[in-house]
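Here the structure comes first, spelled out in structure tokens, and everything after it is commentary.
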Amino acid sequence: MATAATTPQDSASSTPDAIVVRFAGDSGDGMQLTGGQFTLSTALAGNDLATFPDFPAEIRAPQGTLFGVSAFQINFGSRQINTAGDAPDVLVAMNPAALKVNLAALKPGGLIIADTGAFTKRNLDKAHYEANPLEDDSLAKYDVLAFDISEKTIEAVKPFGLGNKDALRSKNMWTLGLALWMFGRSRQPIHDWLKAKFKSKPDIADANIAALDAGHAFGETAELSGPMRQMEMPPVQSEPGLYRTITGAEAVSLGLVAGAQLAELPMFFGGYPITPASAILHHLARLKEYGVTTFQAEDEIAAICAAIGASYAGQLGVTSSSGPGIALKTEAIGLGIMTELPLVIVNSQRGGPSTGLPTKTEQSDLYQAVYGRNGDAPMPVIAARSPSDAFEVAIEACRIATEYMTPVMLLTDGYIANAAEPWKVPNPADFTPFPAQFLTEPRGEQLLPYKRNEKGARPWIKPGTPGMMHRIGGIEKHEETGNIDYSPDNHQRMTDLRKAKVENIAVPDQEVALGETSGTLAVVGWGSTYGPIHQAVRRSIAKGCSVSHIHVRHIWPLPKNLGELLKAFDHVLVPEMNTGQFKTVLRDQFLVDAQPLTKTSGQPFQIAELEAAIAKYFDGIEGNEGGEVAVNNQQLPSPLAEND
Amino acid sequence: MATAATTPQDSASSTPDAIVVRFAGDSGDGMQLTGGQFTLSTALAGNDLATFPDFPAEIRAPQGTLFGVSAFQINFGSRQINTAGDAPDVLVAMNPAALKVNLAALKPGGLIIADTGAFTKRNLDKAHYEANPLEDDSLAKYDVLAFDISEKTIEAVKPFGLGNKDALRSKNMWTLGLALWMFGRSRQPIHDWLKAKFKSKPDIADANIAALDAGHAFGETAELSGPMRQMEMPPVQSEPGLYRTITGAEAVSLGLVAGAQLAELPMFFGGYPITPASAILHHLARLKEYGVTTFQAEDEIAAICAAIGASYAGQLGVTSSSGPGIALKTEAIGLGIMTELPLVIVNSQRGGPSTGLPTKTEQSDLYQAVYGRNGDAPMPVIAARSPSDAFEVAIEACRIATEYMTPVMLLTDGYIANAAEPWKVPNPADFTPFPAQFLTEPRGEQLLPYKRNEKGARPWIKPGTPGMMHRIGGIEKHEETGNIDYSPDNHQRMTDLRKAKVENIAVPDQEVALGETSGTLAVVGWGSTYGPIHQAVRRSIAKGCSVSHIHVRHIWPLPKNLGELLKAFDHVLVPEMNTGQFKTVLRDQFLVDAQPLTKTSGQPFQIAELEAAIAKYFDGIEGNEGGEVAVNNQQLPSPLAEND
Amino acid sequence: MNAPVTIETTLKDWETDQEVRWCPGCGDYAILKAVQRTLPQLGADPANTVFISGIGCSSRFPYYIESYGFHTIHGRAPAFATGAKLANPDLDIWLVTGDGDGLSIGGNHLMHVLRRNVNMQIMLFNNEIYGLTKGQASPTSREGTKSPSTPIGSYDHPARPAAFALGSGARFIGRGFDVSKHLPDVLKAAHAHKGAAFIEIFQNCIVYNKDVFDDFAAPKGAEDRQLWLENGKPMLFAKDTNGLALNRETLGLEVVDVVDGDWESAGVIVHDVTNRSVAHMLIEMPFGPFPMALGVLYDDPRPTFEDAVTEERERASAGKEANLAKLLGTGQTWTVSGTAQDPV
Amino acid sequence: MNAPVTIETTLKDWETDQEVRWCPGCGDYAILKAVQRTLPQLGADPANTVFISGIGCSSRFPYYIESYGFHTIHGRAPAFATGAKLANPDLDIWLVTGDGDGLSIGGNHLMHVLRRNVNMQIMLFNNEIYGLTKGQASPTSREGTKSPSTPIGSYDHPARPAAFALGSGARFIGRGFDVSKHLPDVLKAAHAHKGAAFIEIFQNCIVYNKDVFDDFAAPKGAEDRQLWLENGKPMLFAKDTNGLALNRETLGLEVVDVVDGDWESAGVIVHDVTNRSVAHMLIEMPFGPFPMALGVLYDDPRPTFEDAVTEERERASAGKEANLAKLLGTGQTWTVSGTAQDPV
Ligand SMILES: Cc1ncc(C[n+]2csc(CCOP(=O)(O)OP(=O)(O)O)c2C)c(N)n1
Ligand SMILES: Cc1ncc(C[n+]2csc(CCOP(=O)(O)OP(=O)(O)O)c2C)c(N)n1
Ligand code: SF4
Ligand code: SF4
Ligand SMILES: [Mg+2]
Ligand SMILES: [Mg+2]
């Protein structure tokens, strides 16, 4: 079986070092659970992995419909895995709609496992299939393994006396059992999990266990030809230690808790539900014992204002949302900048504009993060590149906010928020604390609430501190006293000071993630494109291209050495899941000819897409149809090329 | 008397072609009225002019205080005038606070006219003067003309039996009378105006007329030495026609009315009070007979949403605000972009960030206008360069909004909004109409509310139209039907289409406002910096510099030829009243080394500042201390240079 | 009182070709059907009818009604509707919002559309939860509601939509619930009211807040806890065995027994839809012995905003000529004669 | 009921060095003095007292009080105050807002802070106009108010701040006016109320809406139109010659004559600050024969938000250890042994 994580040329090789599996079914079929448990077993087997859950926008779409399909993709292997995989090797389709929606993604020659029991006339109609695809030739270029999972599940759970409807709820466990068998995995952890989950309903636990075992047994005992065979995937070489899987939303939440602890501050989180940001609110709501207060406000404006109010009162204020909600926070962010209070703003980006595509991923709020405010309102912006990276980035956001007394925007996205990957559990003691300082006495004769320290930060003075009464607000303030001051010189100076404070934030020098520090092409990414860019660059280097991967965490201010670094390359290509926003920042700041490579379909980049784009810069490299260094300034895919 | 509108070298010349006068007093002293009437008389005398009202943030600050000073500056001359003047030649100071606040601006050798009657101990204290400046040597480098205007006014109005307090209300008219005499102006128009204004109180009218006449007579009869003499300012050569003075706020309002008429649409204006944008709401509220509905909403969000609702129902929706209010509209602008409805958003910029400096001017919302939204949300942005220019720009905004079915941002600023200049009254019939088209029948078999025309605009379908029922919203829409469509391909295409629509808006080619189309230095401005840049470039060309002035109206999309044009210059300098926002757009779009020259004091650029910055690019030109082509990347003034 | 023209339609005419995307069993289906059933009875014209909504499960409503529809942004529907109504007062506007959309993020716009009295029907689907974002507590959630954002129970005091509406100045307050057969009557009364008509519709979110209204809305056995108000009729419930009376001591409502239908001697109040004081009490009726007040709680029209705006525009325009050329040349003008130079 | 420590201060201690920037004669001065006079009487500690405001003339208030002060953004003060109070429940928070700040842009936050019942004093300076932006009509402006944005008179139905507050769930409603000598008493009662205490203060904007409250607040001759409510006392006014009674027919309030002080036989109601139904009627009293209800209209405490949040946090933390290292390693974990390779 070929692996998705290698180039087509590799597909002949017999020992795959990675495999991509996609589970797809109705949203009622429990595909996310199945995927989650398969992920656990994969992790326990020592493989590296990345996942991509893709669920419908509807809460519970009517059964069997195309828009009600829920899918979970996992890429796992015996080498480092950075993406959820371009195209699945294996597609599990629990009903016709799931097959229809997901077939296009399947790799040619890939394996389809389908539940014939769900391919009824009714379901075929709902999926707009004229004929049963399992019964005509339409799937000829794939391996198809179709049998009646529904019936087999009902049989397996018969001893527990469940009605048919309840019995069918265990279909996903049957399927999982089969998948476990295929990859030689232990069932024990899933047994344990089921027992814990259905502690109060042991019958249900047992029924599910029976279904799981039956699926496993089916694989083991059935006389099966060709595609149905066991695959072995040796463990990846990993640093020793304790591991877990983590999603981006979890990592941000834990990172914020860690950040607050490193700052020695209680945390106040003001949120308002919005997809995909809500997960952070949900996680933090369960961590009250860590000095966390979560406040579900009446709207996003109140959420950020309450967070600023809490920061004012001496806690670490945090707020979080997605595009439309971040837009609403704009005015209050300005006040945070003017009053110079610490604040972390997390933006879990989704497809836009407007309500857009709430459940799809995109990186299109970078303009808003860097530039989107009235007035000259500089604010640091940092971005997480993967679920596990989000932990460190969240700590970094807390550090900058408290050390520099400033709002900080942390960018993540729908993909990072929901995707899971293995994470070597860090030891909090390994992080350097950055305890917040409160001013409790005037530094000189007079109390000067806006007199800055060497970092340009003003002092943080908590109400409640005797003798330190003062007043702050959103009107331009005097350079030292903080009193209202409209005078031209003062405004000029304060604008300069605010700008300088942010520009001088200590940001680590930019490193090259892969490849040399100079050469023909730098592929510069930020955020969740890390995985596909990394793999595409790795493959291109293997083909002999002089290409490097540079991945920027500090979007604003940028690392001081980044300009020089980029100038050491003949070309700079900036793949983004937007129409070219970060490239604007790079061109403005460094006057380098950064070329955008954009994709705005709500789906992550595929490795192959990036590889092809890189190839255009290299003579004689497969993929460079032109045979010469070509300039990339394209939208991928660009179906409108003819229409423009 | 020297003129402010010429360089210091010119100051020796004996026939000034422009003079700058600043009236300053307590906010209760009626300085804005005085200035307004002096402006009228100046206009009637045929001079070109520009004004700059500068009033306190407070409604009615306590009398005599420094923060309660209100000033009105006018620059007028017998040649083209583009700015309100760098430094006044004449300062009228109605009290000590007015003198204190405004003295620094006065040109060395300038004339001070002061009311000794107001230089009481109490008022001197309030202005924090230890000694009476009229009585010590501190004003030695100026010509001072001090006499008891208060007393003379009381005397003049005695026949009308007013109490002292009421009598003193006419001080400003006495002063205006003197000013009219100084420049040989007719009193009749002011008499007429006073009679009209106080129609129901003829006594008050008569008292004010008496004060005015007395001030005038004082100039005429008093034996006065040196500075007190009559000046003649010949009329400027102007195109024949009907003229009036107009402020930017008036011009925007009238331009919107004209734009709606050219589009053959009723106008719906949704606003919420905020300084300095409110003036537009106030003007339009009085123009109901032009098919204008004004709606003072509960907040800025409701204001824009109501405007979008009105556009949806078939009117031309308009909304207006300043920075903090525009920030609040961000989310709704996204909906306007997604639903592709016409909408004009006027931003009268003020100093920021946050509440900032409500009554001061700045250009710091350009980032927000061009980039400040979630998602890829392209929107046209245009900027007015002067009060009168705002009329045409408002029409242009209406044209783009209706022809391309899109929100349009019109940028003006506090300076343009309040400043007045002469305006040759245009004939509405000279503008090409752009009647809005409503779709009343499906174009083909099926109703396709998102099927675009050759401009990329979707059809506008009014609710109420039989048989055309359809549904729109902020979720990504299908390319043709407009139904909800989350599919990757569709989102990709729609993102492309929205981008292409805005990028392909027909924008006139960029012209060069002054100078050659290539050369050493292009000074590129936008918005209200037009005046000072124009004069500075004019003077520099006169000194022999190869410098041109390019002033950009269409900020987004940019004129197609602009990139080539800029590349024809060795250097590009971008003066802005912000920390360098437009330069980001230019560098990004054209990869030209556009250098920022910034000023964020809440005050317009001075001509001399710009002249000095230009000089740095030219060998052997006075002002180029370095004697070589220097790069400008500076904040003006930069008092923090040592601190950085 | 909106539709100037009365036309004939059937329920089918109000159905769109869009797949309905609510969870199977959601109360929204029943409300959709009730509205689609009511519109033909009102003689409503699809071409003149506009459904405007915010964001939420409930706010998907416009997609399923064959009329004009605008699915706007979260909480702001009243503002869009106000603009549309002012632009074209002939439109018959229905606003659809949820307890989150209308009372959390959108409370301010709701207050102002009620205060201004813009003529439209405002249906607030109160399921006491945020459905679309997967079940967080909403401002109307009862204390103790466990949800992803309130894992050990919410502790906000819940808002009461009808009390909020009345405090905001509403002149029509109606109440019903998703599967009630009386819902169309409430909708009709709301439509007949000229002005902003506020209708609270209790709606079962079977996924995140299942059966939370069962104490009065359960399909069986809860009828006795429903007080269906009718103008001019005594406030009786529980098959007329109970009624509401004013307690002269506490100056508040109390539940009294009614024997043999003699409500008068029991002091049962006769419902007067224009009595604002009583409306306050009906709305604030706590649970305990009290029933849920349903139907038309309050209905006392006053001039509408769009009429006032139209009148004002007419008044302001009266006798004035809309001559733009003249307008431009108004104010402080002067003329430069043509001798000096040629036009530039 | 906020200040845990009682300390001694004088009026002077509460004055700042900032120049007061209201118009001479503005009613805000009187309110400032009333507050500065009240604070020492409460034993308030400047270091523990926080004034939080939005934007408007009224919202400049914090600059003039020597305590902690936060002049925030337009309409959002309640949200900032909620965050500050949750972060430090010991702070004694006073919120200052205007009719525009609190009821126009900020209505939603006002509703929610009242609903949640966050313990603070909320002073809404109602001058029925937008002062700071130079005199546009506000949501409380009377119909017909001429202003720059309503040149021939406004036509919005005015909002009633106290009715809005009560409909939003407020548990304390007080009323006073700028120059009234009773204002400090109302402030004290509000401070004594544990929870969100809403105080409407009528304030004279002498520049843009001069003397608009003269019908009951004129310095001379208007006392007869003031009904100062006292708990347990009959509702008498006009030197005890008039009182309020319940009309048994209309079930609403009416004005009755009181002869020789015999209010009982006139049926005058005894004020019970916990009676919500009566509070509704008092608040909605139209003009005409009715007086303006002033003082403490309603005062019926219930648990506060910050207490609930604190309790909830304690309950959630009970018996749990806040061990971050452990937390990070929670969930689905596995161990990679050190044999394979050296740490990278
Ligand atoms: C500005 C903004 N904030 C948040 C959201 C996310 N959001 C969508 S619907 C919703 C709440 C829906 O609750 P409700 O109005 O009660 O409707 P229901 O789904 O229960 O019918 C939220 C918070 C959004 N779309 N936009
Ligand atoms: C977001 C925003 N919108 C508008 C304004 C302008 N603004 C400042 S104060 C104010 C209204 C003030 O009215 P009110 O609250 O009644 O206070 P008052 O001045 O009458 O005391 C407005 C509209 C602003 N500062 N910010
Ligand atoms: S989540 Fe609840 S309200 Fe939303 S569609 Fe499902 S059942 Fe209905
Ligand atoms: S404008 Fe009115 S409210 Fe504002 S300070 Fe002046 S008098 Fe007071
Ligand atoms: Mg809901
Ligand atoms: Mg006010």
Side-chain angles (χ1 to χ4, degrees), chain A residues 57 67 323-324 326-328 330-331 334-335 337-338 351-357 359-360 362 364-365 367-368 370-377 473-476 486 488-489 491-493 495-500 578-579 583-584 587-588 591 593 599-603 635 637-640 644, chain B residues 57 67 323-324 326-328 330-331 334-335 337-338 351-360 362 364-365 367-368 370-377 473-476 486 488-489 491-493 495-497 499-500 578-579 583-584 587-588 591 593 599-603 635 637-640 644:
Chain A
F67 61 85
I326 297 290
L328 286 168
T330 307
E331 189 202 4
L335 182 72
I337 290 169
M338 192 65 131
S354 195
T355 306
L357 297 97
T359 57
K360 305 292 173 201
E362 206 162 90
S364 54
D365 297 350
Y367 275 161
Q368 183 178 36
V370 177
Y371 303 118
R373 285 166 294 283
N374 61 297
D376 286 299
I475 298 185
E476 185 60 281
Y486 295 117
D489 282 2
H491 180 48
Q492 181 83 52
R493 268 198 307 277
T495 305
D496 292 345
L497 284 168
R498 283 187 290 260
K499 188 166 186 264
N578 60 41
T579 58
K583 77 101 184 54
T584 294
R587 290 169 71 96
D588 174 34
L591 216 70
D593 190 8
K599 178 169 184 174
T600 55
S601 67
Q603 301 287 332
Q635 172 90 330
S638 47
L640 277 177
D644 281 344
Chain B
F67 61 84
I326 297 289
L328 286 168
T330 307
E331 189 202 4
L335 181 72
I337 290 169
M338 193 63 132
S354 195
T355 305
L357 298 97
T359 56
K360 305 291 173 202
E362 207 163 87
S364 53
D365 297 349
Y367 274 161
Q368 184 178 34
V370 178
Y371 302 119
R373 286 165 294 282
N374 60 298
D376 286 299
I475 298 185
E476 185 60 282
Y486 296 118
D489 282 1
H491 180 47
Q492 182 82 50
R493 266 199 307 278
T495 305
D496 292 345
L497 285 169
K499 189 166 185 265
N578 60 42
T579 58
K583 77 101 185 51
T584 294
R587 290 169 71 97
D588 175 33
L591 216 71
D593 191 7
K599 177 168 185 177
T600 56
S601 67
Q603 301 288 332
Q635 172 90 333
S638 49
L640 277 177
D644 282 343

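Remember, predicted model here, so these are calculated numbers, not experimental data. Convention: sequence-line order gives letters A, B, ...; per-chain numbering from 1.
Heavy-atom minimum distance, B:Tyr371 versus A:Tyr367: O-CB, 3.3 Å. Closest non-hydrogen pair, A:Thr330 versus B:Ala327, comes out as CG2-CB, 3.7 Å. Nearest heavy-atom pair, A:Pro324 versus B:Asn374, reported as atom, atom and distance to 0.1 Å: N-ND2, 3.5 Å. For the pair B:Tyr486 and A:Gly356, the tightest heavy-atom approach, listed with the atom from each and the gap, is CE2-O, 4.4 Å. Minimum interatomic distance between B:Pro353 and A:Gly334 (heavy atoms only, all atoms of both residues): CB-O, 4.5 Å. Scanning all heavy atoms of the two residues, the minimum distance from B:Gly352 to A:Arg498 falls at O-NH2, 4.2 Å.
Contact check for A:Lys583 versus B:Asp588: side-chain heavy atoms found under the 4.5 Å cut-off. For the pair B:Glu362/A:His491, a side-chain contact is recorded, criterion being any heavy-atom separation below 4.5 Å from C-beta on.
Chosen from B:Pro488, B:Gly372, B:Gly602, B:Gly473, the residue pairing most often with chain A at heavy-atom distances under 4.5 Å is B:Pro488. Between chain B and the options A:Ile337, A:Asp365, A:Leu591, heavy-atom pairs under 4.5 Å are most frequent for A:Leu591. Between chain A and the options B:Ser354, B:Gly323, B:Gly351, the largest number of non-hydrogen pairs under 4.5 Å is found for B:Ser354. Residue with the most contacts toward chain A among B:Thr584, B:Thr359, B:Leu335: B:Thr584 (heavy-atom pairs, distance under 4.5 Å). Between chain B and the residues A:Gln603, A:Glu476, A:Gln368, the most heavy-atom pairs under 4.5 angstrom are made by A:Gln368.
Of the atoms belonging to A:Ile326, not a single heavy atom falls under 4.5 Å from chain B.
Between atom OG1 of residue B:Thr579 and atom CG of residue A:Asp496 there is a gap of 9.0 Å, rounded to the nearest 0.5 Å. Atom CG of B:Leu328 and atom CG of A:Leu328 lie 8.0 Å apart (nearest 0.5 Å).
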